[in-house]
Amino acid sequence: MVDVIEILKRYSEDVNKEIDEALNTLEPETLRDASTHLVKAGGKKLRPALEVLACQAVGGETEKALKAAASLELIHTFSLIHDDIMDNDDTRRGMPAVHKVWGEPMAILAGDTLFAKAYETIIKTADDNIPYERVIDALRVEVDACIKICEGQALDMEFEDTFEVSEEDYLNMIYKKTGALISAATSAGAIIGGASTYQIEALTNYGKSLGIAFQIQDDYIDLTGDESIGKPVGSDLVEGKKTIMVIHALQKANPEDHDRLIELLTAHDESIIPEAMEILNKYGAINYARALAYDNVIHAKESLTLLPDSEAKNTLMKLADFVFNRKS
Ligand code: GRG
């Protein structure tokens, strides 16, 4: 676990340099401060690391992957700013959310700026002597991911008003909301590294399964994690979110527990957490979510089988385990 965190840090500095270069000339100062606030707060830098490793895994050069890596992190950071506005969340990455410091209009603008900067940055990949077709293909992958993220977020919002959400609906939603950008990272890295079609497909599939496992783990951490990461344990239950645990329990529960769980999830009160947890545990929902995340981790690793052996491939394997074991 520790060495995976070291691996994520390895590229963090170079990616931050690219991001800094993209943002440090912004004016006025308020827009620059609001746009750089979450960047300075850190984050795991999972997507940039995946992009760089995918590029390396197909024999590409690290330096040429850095602008696309920064671009992906800019998109991710932008989506966090807008997500916090939509959810009216107070904190992010252990800091006050952008809209809590600068207000909603400036936070929207900061997000929009990062979004535009993401495109400016990936286009500059062409300055690193990467053939135009590869730059366009990587750009296409990013644009496609952004559309999917919006679709995923819209589905997530629709799920707030219904309990008629199947496991298939949930998997489709999390793939779009979270998996699409993670899979865009490995796909863009492969493209920039000059991968063959089958290598691009392998790394795209890896990212897709990893992204699904990542979001299931996120939902699992919400129920079992520790409060020190800045999110109260069980907040998804209080919000009545249709996580895989809730969907599974509702599907398996007897009519009495089924109706009671719905009652609890619509109360939007912290006092429901222990009883809701009891129902989830009674129907093995937590173990079910673990198993589903694990299946996706296995699938991610299997996707890499045909890639030549390399340190980068090994690291991608380790990252898959990290996603399953992470606590924050
Ligand atoms: C992309 C065009 C476009 C619009 C965005 C607001 C919105 C529309 C979508 C919400 C997407 C979202 C925030 C999904 C959650 C993804 C997720 C699991 C975030 C947490 O990622 P980590 O754990 O965070 O990698 P750090 O802080 O480590 O970077």
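When a ligand or atom number is given, it counts from 1 through the structure's own listing order.
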Checklist entry - So is Arg47 actually on top of Phe214's ring, under 6.0 Å and inside 45° of the axis? => result yes
Next on the checklist: Taking 4.0 angstrom as the limit and counting only heavy atoms of Phe115, give me the atoms of ligand 1 inside it, by number and element.
Outcome noted: 2 (C)
Checklist entry - Among protein heavy atoms, which lies nearest atom 5 (C) of ligand 1, and at what distance? => result Ser79 CB, 3.9 Å
Item to check | Those atoms of ligand 1 less than 4.0 Å from some heavy atom in Arg93 | outcome: 26 (P), 27 (O), 29 (O)
Checklist entry - For ligand 1, is there an N or O atom under 3.5 Å from any N or O atom of Lys44? => result yes
Next on the checklist: If we count only N and O atoms by modelled type, under 3.5 Å, do the side chains of Thr204 and Ser187 hold a donor and an acceptor together?
Outcome noted: yes
Item to check | Closest to atom 17 (C) of ligand 1 (judged by heavy-atom distance), picking from Glu142, Arg47, Lys45 | outcome: Arg47
Next on the checklist: Would Ile221 and Lys327 count as a side-chain contact (heavy atoms from CB on, under 4.5 Å) here? Give the steps.
Outcome noted: CA-CA 6 Å; Ile221 291 169; Lys327 306 266 183 287; 5.5 Å; no
Next on the checklist: Quick test of your reading of the structure: of Thr178, Thr77, Ile149, whose heavy atom lies closest to atom 15 (C) of ligand 1?
Outcome noted: Thr178
Next on the checklist: Quick check for you: to the nearest 0.5 Å, what is the distance between Ile108 atom CD1 and Trp102 atom CH2?
Outcome noted: 15.0 Å
Checklist entry - So is Asp218 in contact with ligand 1, going by heavy-atom distances below 4.0 Å? => result yes
Checklist entry - Taking distance alone, with no angle check, do His76 and ligand 1 share an N/O pair under 3.5 Å? => result yes
Next on the checklist: Counting only heavy atoms not in Lys208 (residues, nucleotides, ligands), do more than 12 fall under 6.0 Å from its NZ?
Outcome noted: no
Item to check | Cys150 neighbourhood, listing ligand 1 atoms whose heavy-atom distance to it stays under 4.0 Å | outcome: 2 (C), 3 (C), 4 (C)
Item to check | Geometric cation-pi criterion, Arg326 with Tyr220: 6.0 Å, 45° | outcome: no
Next on the checklist: Within 45 degrees of the ring normal and closer than 6.0 Å to the centroid, is that where the cationic atom of Lys148 sits relative to Tyr175?
Outcome noted: no
Next on the checklist: I'd like to check which ligand 1 atoms, numbered from 1 as shown, lie under 4.0 Å from a non-hydrogen atom of Phe78.
Outcome noted: 1 (C), 2 (C), 3 (C), 4 (C)
Checklist outcome for this item: Within 4.0 Å of some non-hydrogen atom of Gln215, the atoms of ligand 1 are 18 (C)
